[in-house]
Every structure is written in C-alpha cells, then in structure tokens.
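Input: a single structure, listed below in structure tokens.
Being a predicted model, the structure only gives us computed values, none of them experimental. Only heavy atoms go into these numbers, but all of them, side chains included; no hydrogens, no water, no symmetry mates.
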Amino acid sequence: MGDESGLPTPSGPQVHDAFRNWLKSQNITPDAIVPGAGQDWERITYSPGEATKEAQPGLFYWSKRYQFHYGIQSIKERTDILRKHLPHAKIGANFSPHYPQEHMYLGEIFKWVTVFREEGMTLPWSEDYIWQVAVGTPQ
C-alpha cells in the first residue's frame, strides 16, 4: 500500500459535519468535549492542530481519534478491494517507527495496532526499523 506512507487525513468542506456525526456514533456529547458547550454541536469543529492541544485538549483528543479512524477506514476500503481480488495476499505499508514520535523505535498505536485490529491491513511491515536511527558511536 505504500512506502514511508501515512494514513489519509480528513479534509474538505464536510469535514466538520463528518466529525460531528462520528462523535454522535460514539455517544459523545459536545459538553464532554468542550466544557460548557451543552448540546451546541456548532461549537465542535474538527481541530487536530497544535494550537487546539493547549487551548481545548478535549477537542484535540477527539479530533485526533477521528483522524486516525478516518485514515484507517480509508485504508480498509482499499484493503477490502485487494482482498476480494487477491484473497491470499497480505496487505501492508511501510510505517517507520521512528518519526515523528517523541520516542525512537516506538510506533504510534493507530499505525501498529489499531489498523490491524480494524482490518485496515493484514501485514505488519517496516524495512528500516533500526537501520536509520543513530544509536550512538562505539567510541
């Protein structure tokens, strides 16, 4: 499915409505995301940026959860097509576990666990797990 690839991210004019609909399907209320929002869904917008992380951590958290869900479901659509035509093939992508995480060698859970639990892919793969990250010198 790709080399050094990432998951697709939601965008476009309908992204906020799609985000709100997904939240509703998860039984999440606006007030649980933005304290004081009550039932005002218009206050809830898809906002995975760093500025939101500090200002509205609940909104940032759920925006990131939606981003991962969207990406996994997008990959799963393609995987399902391939599985239909190539039922014995394994499907994966090269997700390197060392960038942009804060901790070297620890891959993001959504890429290394959740994508397989949700059948977005069937083959874990990374060809450069240890070879590209400097571990120090022998001196």
Side-chain angles (χ1 to χ4, degrees):
M1 295 284 270
D3 186 23
E4 303 297 333
S5 60
L7 296 175
T9 57
S11 63
Q14 302 301 321
V15 70
H16 301 300
D17 289 334
F19 175 52
R20 292 177 193 127
N21 289 334
W22 178 77
L23 288 168
K24 290 173 187 175
S25 76
Q26 303 298 304
N27 296 316
I28 306 298
T29 64
D31 199 52
I33 298 168
V34 176
Q39 292 299 314
D40 185 5
W41 281 103
E42 292 302 312
R43 291 185 60 186
I44 307 302
T45 58
Y46 172 70
S47 306
E50 287 298 313
T52 306
K53 186 177 188 178
E54 294 294 324
Q56 296 179 303
L59 182 60
F60 174 79
Y61 171 81
W62 286 104
S63 292
K64 293 301 278 187
R65 288 276 309 265
Y66 175 67
Q67 179 181 342
F68 303 150
H69 168 78
Y70 176 90
I72 290 169
Q73 293 307 306
S74 296
I75 292 289
K76 186 177 181 329
E77 288 175 11
R78 297 176 208 150
T79 296
D80 288 346
I81 293 167
L82 290 171
R83 289 171 83 182
K84 177 181 174 185
H85 297 287
L86 303 166
H88 302 292
K90 300 294 183 190
I91 298 132
N94 184 12
F95 292 144
S96 295
H98 54 75
Y99 180 81
Q101 302 83 266
E102 295 177 27
H103 307 288
M104 295 296 193
Y105 309 115
L106 299 176
E108 299 102 336
I109 295 299
F110 71 92
K111 283 185 182 176
W112 288 91
V113 177
T114 312
V115 72
F116 297 101
R117 286 183 177 165
E118 296 183 10
E119 298 182 356
M121 291 188 198
T122 61
L123 175 69
W125 167 39
S126 183
E127 63 196 23
D128 52 45
Y129 183 76
I130 196 166
W131 310 109
Q132 293 180 355
V133 178
V135 293
T137 71
Q139 298 174 348

Practice prompt. Kindly write out the residues that satisfy salt bridge (Lys or Arg N to Asp or Glu O under 4.0 Å) with D80, not counting sequence neighbours, or none if the list is empty.
Written response: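 Result, salt bridge (Lys or Arg N to Asp or Glu O under 4.0 Å) vs D80: K76.
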Worksheet entry | Partners passing salt bridge (Lys or Arg N to Asp or Glu O under 4.0 Å) against E119 (at least two apart in sequence or in another chain) |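 Here the qualifying residues are R83.
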Practice prompt. Tell me who clusters with L59, hydrophobic residues only, linked when side chains sit under 4.5 Å apart either directly or through other members.
Written response: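 The other cluster members (ILVMFWY side chains, heavy atoms under 4.5 Å, direct or chained) are V15, F19, W22, L23, I28, I33, V34, W41, I44, Y46, Y61, W62, Y66, Y70.
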Worksheet item: Side chains of R78 and P8: does their closest heavy-atom pair fall under 4.5 Å?
Response: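 Side chain of R78 against side chain of P8, heavy atoms only: contact under 4.5 Å found.
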Worksheet item: Say you draw a straight line from OG of S25 to CZ of R20; how long is it, rounded to the nearest 0.5 Å?
Response: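 If we round to the nearest 0.5 Å, S25:OG and R20:CZ are 14.5 Å apart.
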Item to complete: Mind checking the NZ-NE2 spacing from K90 to H88? Nearest 0.5 Å is all I need.
Response: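 Here the interatomic distance stands at 10.0 Å.
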Residues that [X] engages under side-chain contact (heavy atoms from CB on, under 4.5 Å), provided they are two or more places apart:
X: D40; answer: E42, R43
X: T9; answer: Q67
X: Q14; answer: D17

Non-neighbouring partners of [X] that pass side-chain hydrogen bond (donor to acceptor under 3.5 Å, both in side chains), sequence neighbours left out:
X: E118; answer: Q73
X: T52; answer: none
X: E77; answer: none
X: T45; answer: S47

Please give me the minimum heavy-atom distance between [X] and [Y], naming the atom from each residue.
X: P30; Y: G38; value: CB-O, 3.5 Å
X: P48; Y: S63; value: N-CB, 3.7 Å
X: M121; Y: I91; value: CB-O, 3.3 Å

Worksheet entry | Any residue meeting ring pair (Phe, Tyr, Trp, His ring centres under 6.0 Å) with F68, in chain and number order, not counting sequence neighbours |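 With neighbours one apart ignored, the set is F110.
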